[in-house]
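To start, the structure itself, in structure tokens.
In this text the structure is predicted, and so the values were computed from the model without any measurement.
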Amino acid sequence: MINNKKVVVIMPAYNAEKTLKQTYDEIYKDFVDEVILVDDNSQDNTKLVSKELNIKTIVHKENKGYGGNQKSCYKAALKSGADIVVMLHPDYQYTPKLIPAIVCMMAFEQYDAVLASRMLGNSALKGGMPFYKFVANKFLTGFENLLTGEKLSEYHTGFRGFTRKVLENLPLADCDDDFIFDNEMIALLFYNNYKIGELSCPTKYFKEASSINFARSCKYGFGVLGVSLLYRLAKMGLKSKIFKPNAAKLDLSADVEYYFQ
């Protein structure tokens, strides 16, 4: 525990057998009380590697999508008593060595959520980010900052942390089950006046690291534009989708079924 806060790392996994061990081995266990992996019906041996590493693991019987996977991760973390939850992709694209920094920014109650930005420090291109993704990231981030009135350096990182208060109160159940889930979470954080911190994070692009293709990247980009517009309309009084008083929160009443623990 850090400052009497239980820290749980969640790992939404899909076909991560080649990189899971390397990622897990670099987690500072002194800062982390528990690691939970959710395997989204991988087509490789991800769950077997997870078992060998003795990670508490949930296995979806059918693929629920990236957002659906995260919902399972957050439910499991909250039910385990987490005060701080850090999402770490098991594909080794982000360094686990920054977990202590992310945790401390929340454990001492300076921020409600923390994003590890690849755009701070000019590490994205150096780490191998494709140029078209770099340009798209910059454009979308600028568009989102314009409509939200905020000044984040990046909205699209997959390495992020949240306090229990955030995960209990945001209407995550009504968020999308695909990749746009990440973007909806940030929009909801701003909409509900939570404080978001950022820190610089190097990234690595290589063959085994997960990455969505060009077509899905385009779909995600249009989704980002849509979320930003809905956010601005909601701020003007036109409620819709997740930006409404009765949007659904995560249901923690059901038991979590672990594949092994």
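Looking at Asp33, its side chain does come within 3.5 Å of a backbone N or O of Val7 through a donor-acceptor pair. No donor-acceptor pair under 3.5 Å is formed between the side chain of Thr203 and the backbone N or O of Tyr94. Arg118 contributes a side-chain N or O that, together with a main-chain N or O of His156, makes up a donor-acceptor pair within less than 3.5 Å. Proximity of a side-chain donor or acceptor of Arg164 to a complementary backbone N or O of Leu78 within less than 3.5 Å is detected. Between the side chain of Asn169 and the backbone N or O of Lys165, at least one donor-acceptor pair lies under 3.5 Å. Within the 3.5 Å criterion, the main-chain N or O of Tyr194 finds no donor-acceptor partner in the side chain of Asn192. Under a 3.5 Å cut-off, the side chain of Lys151 and the backbone N or O of Asn145 do not form any donor-acceptor pair. Looking only at distances, a side-chain donor or acceptor of Gln43 sits under 3.5 Å from a matching main-chain atom of Asn41.
Judged by the 6.0 Å and 45° rule, Lys97 forms no cation-pi pair with Tyr28. Cation-pi geometry between Lys29 and Tyr24 is satisfied (NZ or CZ under 6.0 Å from the ring centre, within 45° of the ring normal).
Using a 3.5 Å distance cut-off with no hydrogens or angles, the side chains of Thr141 and Asn137 do pair a donor with an acceptor. Under the 3.5 Å distance criterion, with hydrogens and angles disregarded, a donor-acceptor pair is assigned to the side chains of Glu26 and Tyr92. Side-chain contact annotation: Thr157 with Ser117, donor-acceptor N/O pair under 3.5 Å absent. Side chains of Ser42 and Asp39: a donor-acceptor N/O pair is present below 3.5 angstrom, by distance only.
Nearest heavy-atom pair, Ser50 versus Thr57, reported as atom, atom and distance to 0.1 Å: OG-OG1, 2.6 Å. Of all non-hydrogen atoms in Glu198 and Ser153, the two that sit nearest each other are OE2-OG, 2.7 Å. Minimum heavy-atom separation, Ile2 to Cys104: CG2-SG, 4.4 Å. Taking every heavy atom of both residues into account, Ser217 and Tyr132 meet most closely at OG-OH, 4.2 Å. For the pair Ala16 and Asp44, the tightest heavy-atom approach, listed with the atom from each and the gap, is N-OD2, 3.3 Å. For the pair Gly158 and Asp182, the tightest heavy-atom approach, listed with the atom from each and the gap, is CA-OD2, 4.3 Å.
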>> Applying side chain to side chain contact (heavy atoms under 4.5 Å, CB included) to Met185 and Met87, what does each step give before you reach the verdict?
In response: CA-CA 13 Å; Met185 279 196 78; Met87 179 177 76; over 6 Å; no
> Could you go step by step and tell me if Ile196 and Val114 meet the side chain to side chain contact (heavy atoms under 4.5 Å, CB included) rule?
Replying inline: CA-CA 6 Å; Ile196 303 178; Val114 176; over 6 Å; no
>> What verdict does the salt bridge (Lys or Arg N to Asp or Glu O under 4.0 Å) test give for Glu109 and Lys5, after you've listed the backbone C-alpha separation in whole Å, the side-chain angles of each residue and the deciding distance to 0.1 Å?
In response: CA-CA 10 Å; Glu109 300 176 355; Lys5 304 287 196 306; 3.5 Å; yes
> Hey, mind stepping through Leu238 and Phe243 against side chain to side chain contact (heavy atoms under 4.5 Å, CB included) and telling me if it holds?
Replying inline: CA-CA 9 Å; Leu238 184 60; Phe243 304 109; over 6 Å; no
>> Between Tyr231 and Ser240, does the side-chain hydrogen bond (donor to acceptor under 3.5 Å, both in side chains) criterion hold? Intermediate values first, please.
In response: CA-CA 9 Å; Tyr231 174 91; Ser240 63; over 6 Å; no
>> side chain to side chain contact (heavy atoms under 4.5 Å, CB included) for Val224 and Glu144? Distances and angles first, verdict last.
In response: CA-CA 8 Å; Val224 167; Glu144 289 169 286; 3.3 Å; yes
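Using a 4.5 Å heavy-atom threshold, the side chains of Asp83 and Thr163 count as separate. Residues Val8 and Val35 have side chains not in contact (no heavy-atom distance under 4.5 Å, counting atoms from C-beta outward). When side chains are defined from C-beta on, Phe159 counts as touching Val86, because their heavy atoms get closer than 4.5 Å. Contact check for Met11 versus Thr23: side-chain heavy atoms found under the 4.5 Å cut-off. For the pair Lys64 and Asp177, the minimum side-chain heavy-atom distance is 4.5 Å or more. With contacts defined as side-chain heavy-atom distances shorter than 4.5 Å, the pair Met129/Gln93 does not qualify. Contact of the Leu37 side chain with the Ile58 side chain is not registered, since no non-hydrogen atoms from C-beta on lie closer than 4.5 Å. Under the 4.5 Å side-chain criterion, counting only non-hydrogen atoms from C-beta, Ile10 is not in contact with Leu88.
Environment of CG in Asn54: sparse, with no more than 12 heavy atoms of neighbouring residues, nucleotides or ligands closer than 6.0 Å. The 12-atom threshold is not exceeded at NZ of Lys51, counting heavy atoms of other residues, nucleotides or ligands nearer than 6.0 Å. Summarising the local packing, NZ of Lys21 is surrounded by 12 or fewer heavy atoms from other residues, nucleotides or ligands at distances under 6.0 Å.
Phe143 and Tyr191 end up in the same hydrophobic cluster when Ile, Leu, Val, Met, Phe, Trp and Tyr side chains are linked at under 4.5 Å. Hydrophobic clustering keeps Met106 apart from Val85 (ILVMFWY residues linked when any side-chain heavy atoms are closer than 4.5 Å, directly or through intermediates). Neither Leu189 nor Val103 shares a network with the other; the hydrophobic side chains, linked directly or stepwise wherever heavy atoms of I, L, V, M, F, W or Y lie under 4.5 Å apart, form separate groups for each.
Among Asn63, Val38, Thr46, the single residue meeting the side chain to side chain contact (heavy atoms under 4.5 Å, CB included) criterion with Tyr14 is Asn63.
In this structure, Asp251 does not pair ionically with Lys75, as no charged nitrogen and carboxylate oxygen lie closer than 4.0 Å. Between Asp91 and Lys18 no salt bridge is recorded (no basic side-chain N to carboxylate O distance below 4.0 Å). One finds a salt bridge joining Lys6 and Glu34 here, because a Lys/Arg side-chain nitrogen approaches an Asp/Glu carboxylate oxygen to under 4.0 Å. Between Lys61 and Glu257, no side-chain nitrogen of the basic residue sits less than 4.0 Å from a carboxylate oxygen of the acidic one, so the salt-bridge criterion is not met. Salt-bridge annotation for Asp174 and Lys249: absent, with no side-chain N of the basic residue lying under 4.0 Å from a carboxylate O of the acidic one.
Once rounded to the nearest 0.5 Å, the distance linking CG of Asn183 with OG of Ser228 reads 6.0 Å. Annotation: the span from Ile84 atom CD1 to Ile99 atom CD1 amounts to 12.0 Å, rounded to 0.5 Å. Separation of atoms CD1 (Ile36) and OH (Tyr74) is listed at 12.0 Å; rounding is to 0.5 Å. With values rounded to the nearest 0.5 angstrom, Gln70 atom CD is found 10.5 Å from Asp40 atom CG. Once rounded to the nearest 0.5 Å, the distance linking CD of Gln110 with CE of Met105 reads 9.0 Å. Between Glu184 atom CD and Leu230 atom CG the span is 8.5 Å, to the nearest 0.5 Å.
Side-chain rings of Tyr66 and Phe181 stay apart, their centers remaining 6.0 Å or farther from each other. Residues Phe179 and Tyr220 place their aromatic rings such that the two centres sit no closer than 6.0 Å. Two rings, from Tyr259 and His60, have their centers 6.0 Å or more apart.
Every residue was checked against the side-chain contact (heavy atoms from CB on, under 4.5 Å) condition with Lys126, not counting sequence neighbours, and none meets it.
Applying the 4.5 Å side-chain rule to ILVMFWY residues, one finds that Leu48 remains a lone member of its cluster.
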